[in-house]
Amino acid sequence: MFTLICKIQEDSPAHCAGLQAGDVLANINGVSTEGFTYKQVVDLIRSSGNLLTIETLNGTMILKRTELEAKLQVLKQTLKQKWVEYRSLQLQEHRLLHGDAANCPSLENMDLDELSLFGPLPGPGPALVDR
C-alpha cells in the first residue's frame with residue numbers, strides 16, 4: 001500500500017517543489033512509507049519539523065508500466081498458444097504428406113524450449129493436441 005497524492009494546493013511549498021497529483025510517496029525523511037496509513041504519513045510529515053525531504057514516484061508512470069506489463073503477459077501467452085498451434089499444424093501437414101510422423105521425431109516431440117525466447121509465462125501452457 002502506498003500513498004497517492006490526489007490534490008496539491010496551488011502556491012504551497014509542495015506545489016512550488018514540483019509535487020503533482022498522481023505522484024506516489026515513496027519515503028519521508030528517508031523512512032519508507034510503504035504500507036503506511038494516511039494518518040501515519042501525516043504524522044511522519046508533522047514530526048519532521050522545519051526540514052522535510054520527500055521522495056516521490058510518478059504514479060502515472062507506475063500505472064502505465066503496470067498496464068504495459070499486463071499487456072505484455074497477454075501477448076506472450078497468445079504468442080505461445082499460436083506457436084503451439086503452428087507446430088501442431090506442421091505435424092499434421094507432415095502426416096498428410098508422408099502418411100506418418102514416426103520418421104519426424106523433431107515434430108513428434110515438439111521442442112518447446114524455443115519458447116524460452118519469449119520469457120517466463122504465467123500459468124500452465126497449452127498442451128499439444130493432434131487435431
Return the [atom1] to [atom2] distance between [X] and [Y], rounded to the nearest 0.5 Å.
{"X": "Ile8", "Y": "Leu19", "atom1": "CD1", "atom2": "CG", "value": "3.5 Å"}
{"X": "Asp23", "Y": "Leu25", "atom1": "CG", "atom2": "CG", "value": "8.0 Å"}
{"X": "Ser88", "Y": "Glu93", "atom1": "OG", "atom2": "CD", "value": "11.5 Å"}
{"X": "Glu55", "Y": "Thr33", "atom1": "CD", "atom2": "OG1", "value": "9.0 Å"}
{"X": "Lys39", "Y": "Arg46", "atom1": "NZ", "atom2": "CZ", "value": "8.0 Å"}

Check: Are Val41 and Ile54 in one and the same hydrophobic cluster, where Ile, Leu, Val, Met, Phe, Trp and Tyr link if side-chain heavy atoms are under 4.5 Å apart?
Finding: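 Linked, Val41 and Ile54 end up in one cluster.
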Specify the closest pair of heavy atoms between [X] and [Y], including all atoms of both residues, with the distance to one decimal.
{"X": "Leu57", "Y": "Ala26", "value": "CG-CB, 4.1 Å"}
{"X": "Gly35", "Y": "Gln40", "value": "O-OE1, 4.1 Å"}
{"X": "Cys6", "Y": "Ala21", "value": "O-CB, 3.3 Å"}
{"X": "His15", "Y": "Gln9", "value": "CB-O, 3.3 Å"}
{"X": "Phe36", "Y": "Val31", "value": "CZ-CG1, 4.0 Å"}

Note to self: Under a 3.5 Å distance rule, please check whether Ser47 uses its side chain to pair with a backbone N or O of Asp43 as donor and acceptor.
What the structure shows: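 Such a contact is found between Ser47 side chain and Asp43 backbone.
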Check: Looking at side-chain heavy atoms only, is the closest gap between Val74 and Leu72 below 4.5 Å?
Finding: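 No, side chains not in contact.
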Checklist line | Close side-chain approach of Ile28 and Leu52, heavy atoms under 4.5 Å | finding: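 Yes, their side chains come closer than 4.5 Å.
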Notebook entry, point to check: Is any NZ, NE, NH1 or NH2 atom of the basic residue among Arg65 and Glu69 found under 4.0 Å from an Asp or Glu carboxylate oxygen of the other?
Noted result: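 Yes, this pair counts.
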Next item on the list: Compute whether any side-chain donor of one residue and acceptor of the other, for Ser48 and Asn29, lie under 3.5 angstrom apart.
Entry: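 Present: a donor and an acceptor within the cut-off.
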Notebook entry, point to check: How about Gln92 and Arg95: does a side-chain donor come under 3.5 Å of a side-chain acceptor?
Noted result: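 Short answer, no.
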